[in-house]
There are 2 protein chains.
Amino acid sequence: MSIKVGIFGYGNLGRGVEAAIAHNPDMELCAVFTRRPPETVKLRTAGVPVMLADEAKNMTDKIDVMIICGGSATDLPVQTPAIASMFNCIDSFDTHAKIPEHFEKVDAAAKASGKVALISCGWDPGMFSVMRAYSESILPDGSTYTFWGKGVSQGHSDAIRRIEGVLDAKQYTIPVDSALEAVRSGISPELSTREKHTRECFVVAKEGADLERIEREIKTMPNYFADYDTTVHFISAEELKRDHSGIPHGGFVIRSGKSGLENENTHVMEFSLKLDSNPEYTSSVLVATARAVVRLNREGASGARSILDIPPSYLSPKSPDQLRRELL
Amino acid sequence: MSIKVGIFGYGNLGRGVEAAIAHNPDMELCAVFTRRPPETVKLRTAGVPVMLADEAKNMTDKIDVMIICGGSATDLPVQTPAIASMFNCIDSFDTHAKIPEHFEKVDAAAKASGKVALISCGWDPGMFSVMRAYSESILPDGSTYTFWGKGVSQGHSDAIRRIEGVLDAKQYTIPVDSALEAVRSGISPELSTREKHTRECFVVAKEGADLERIEREIKTMPNYFADYDTTVHFISAEELKRDHSGIPHGGFVIRSGKSGLENENTHVMEFSLKLDSNPEYTSSVLVATARAVVRLNREGASGARSILDIPPSYLSPKSPDQLRRELL
């Protein structure tokens, strides 16, 4: 029985979900919901209807799981509880401090509707969270480190674009090699923000703009750049388009911990991602996990979940028997 | 409520489990079972009884989970079904071809007793299996590679020791750096056995033994060495003891896969382990997963499982709420 998927929101993430569904023969894209006039939205998959977001409520018997592709700041806090009151669903909510509150609201909605709603999925939160959970459970006496990059930070790029005299910008977060090596050695170093990551900015300035002031405003910007060693390069709009139009990302979760009655042995667990496209990989995680959401609901479960609550086998289209034979 | 653990078999793995329990404050070692005369077995934990294996049947109301530390060749095929007929339990059965058969037998025993029995846990099978499952589910169009080492292979060391004229030996499996780099680049290379790993042997020979013959016998041994580039070093018993008495191991699971409607983006997921002590890390995985076994059984589950069937959160002593706040 194929899994019927709806996409709610058609930006970078929604397009990534559309592509990821095409890689999973047991899944079928049934409809895309948008707040824009549907006739202005062109899908890349033939024969799939684009519908107004408000029409979702008429599609509850045609969609097994809705993949919600809105933003964490204002969309998901409203959208996910609303969708969970009608559909199995999954989102990528990543405002860390508000996850407990979001979970509670979504849980109440999903319990009332008898659906399963999985929140905060992707790679961080998501696969990185999974690795943190396994590694701290296996090595309780140890330290976990997360490094991000090399990759484009959308929020930091946006912050630069808001500076007077800046036309466009792209910011890369880069993990510091010597910090990675120190962590991998198992010595559990204390690392400051500045010691873990550097920031590199490619900026297109208006003609005649005061480049020195722009560079100073970037480097001293609180929260975003002041605590980091930041490099600023001024380049042309053509160069930005030619060399920096991708959205690569990645990162590392590393735990080192001790075993033995006298802590005599050290072990290092490392998980890393190198991603050509941040939204397409996030979408790939969402689609595999959406399969688990449907399966849980078919078993009778309801309420909110995170990926930490899901057995790895539930993400796979293979049977438990096949997984044991092929992967164990 | 603390979890009462029994250890069945007290070799390297059993001693590792004893040490791992000491790192987990919610767990308590209640008894060690052995086939040797109990008075000849000295535990490193004070106040814990050593009992004959046959006495286990009298301890069913005192132990929440039995961690079975026998060998895969002859012990576990008999021990795990027998223990599962009385206790929640977990083993590290790693004879890959026989996993389906082992699972069936253990499943029947555990269903009959109403207990949960988790088989084939550790790092491979175990955490490496988990990573293979996640990564192939997330990136269905791709290739997964497993590399082992650098580490000591017990089976290969034993095979060398059986050669006429050999007093002692230690064999290291070493992944080939250029193969690792090719895989990490995302090109999905075809790699032969010889291209993935090399084997390095440290051999203590009898005085006057024919070293040339020993080296030839090692390098041409079918299955074990013939398909690899193998290096043989003859060293003294003192050097073997001084430089090669540890049991380090480790390895890599790497998947590269494509996303996008035209496979235009490549992603690489990598999980690696660097372990000072193979049995102590395996034990650490067993102990964390034993926690999940008890929790599943307290929820009413019975039958056989693998770690692929277990949510990551079940390995942790933390509540789902705490995990969401701290790790998601």
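So you know, we letter chains A, B, ... as the sequences are listed, proteins then strands, and number each from 1. Because the structure is a prediction, the values reported are computed rather than measured.
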How far apart are the C-alpha atoms of A/Arg324 and B/His96, what are their side-chain angles, what is the distance that settles it, and do they pass the side-chain contact (heavy atoms from CB on, under 4.5 Å) test? CA-CA 9 Å; A/Arg324 282 192 298 273; B/His96 186 83; over 6 Å; no
Under 4.5 Å heavy-atom distance to chain B, tell me which part of A/His23 shows up: side chain, backbone, both or neither. both
Per-residue tally against chain A (heavy atom, under 4.5 Å) across B/Thr146, B/Ile119, B/Thr289, B/Asn24 peaks at B/Asn24
Looking only at heavy atoms and a cut-off of under 4.5 Å, which of A/Ile99, A/Asp309, A/Thr144 has the most pairs with chain B? A/Asp309
Test log, rule side-chain contact (heavy atoms from CB on, under 4.5 Å), inputs B/Glu326 and A/Arg132: CA-CA 10 Å; B/Glu326 294 181 6; A/Arg132 289 190 281 261; over 6 Å; no
Is A/Leu328 close to B/Leu308 at the side-chain level, that is, under 4.5 Å between some pair of heavy atoms? yes
Side chain from CB out, backbone as N, CA, C, O: work out which of these in A/Asp124 comes under 4.5 Å of a heavy atom of chain B, or both, or neither. side chain
With heavy-atom distances below 4.5 Å as the criterion, would you say the side chains of A/Met127 and B/Ile138 are in contact? yes
Nearest-0.5 Å distance, CG of residue A/Leu327 to OG of residue B/Ser137: 8.0 Å
What residue in A/Tyr134, A/Tyr314, A/Phe271 has the most heavy-atom pairs under 4.5 Å with chain B? A/Tyr134
Would you say the side chain of A/Glu270 lies within less than 4.5 Å of the side chain of B/Glu270, judging by non-hydrogen atoms? no
Of B/Pro317, B/Ser272, B/Pro320, B/Gly126, the largest count of non-hydrogen pairs under 4.5 angstrom with chain A goes to B/Ser272
Which of A/Leu275, A/Leu286, A/Asn263 touches chain B most, by non-hydrogen pairs under 4.5 Å: A/Leu275
Atom group of B/Arg184 that falls short of 4.5 Å from chain A, counting heavy atoms: both
Salt bridge (Lys or Arg N to Asp or Glu O under 4.0 Å) contacts touching residues 254-267 of chain B (sequence neighbours left out): A/Arg44-B/Glu264
Among B/Pro312, B/Ala19, B/Pro25, which has the most heavy-atom pairs under 4.5 Å with chain A? B/Pro312
Does any backbone or side-chain atom of B/Phe103 lie under 4.5 Å from a heavy atom of chain A? Answer side chain, backbone, both or neither. side chain
Option in B/Ala288, B/Ala22, B/Ser277, B/Ser316 with maximal non-hydrogen atom pairs under 4.5 Å from chain A: B/Ser277
Checked A/Ile307, A/Thr266, A/Leu273 vs chain B; the most non-hydrogen pairs under 4.5 Å come from A/Thr266
Which of the residues B/Ser306, B/Pro100, B/Gly260 is involved in the greatest number of heavy-atom pairs with chain A at under 4.5 angstrom? B/Gly260
Applying side chain to side chain donor-acceptor pair (under 3.5 Å), name anything that partners A/Glu136, two or more places apart in sequence or on another chain. B/Lys318
Could you check if a side-chain atom of B/His249 sits within less than 4.5 angstrom of a side-chain atom of A/His267, using non-hydrogen atoms only? no
If one checks every heavy atom of B/Ile310 against chain A at 4.5 Å, the contacting part turns out to be backbone
Quick one: what part of B/Leu261 sits under 4.5 Å from any heavy atom of chain A, side chain, backbone, both or neither? both
Residue from A/Asp321, A/Leu315, A/Leu323, A/Asn265 scoring the most non-hydrogen pairs under 4.5 Å with chain B is A/Asn265
Residue B/Val287 versus chain A: region with a heavy atom under 4.5 Å: neither
Test B/Tyr281 against A/Leu139 for side-chain contact (heavy atoms from CB on, under 4.5 Å), laying out the working first. CA-CA 8 Å; B/Tyr281 183 79; A/Leu139 298 172; 4.2 Å; yes
Partner chain B: residue of A/Ser259, A/Pro125, A/Gly250 with the largest heavy-atom pair count (under 4.5 Å): A/Ser259
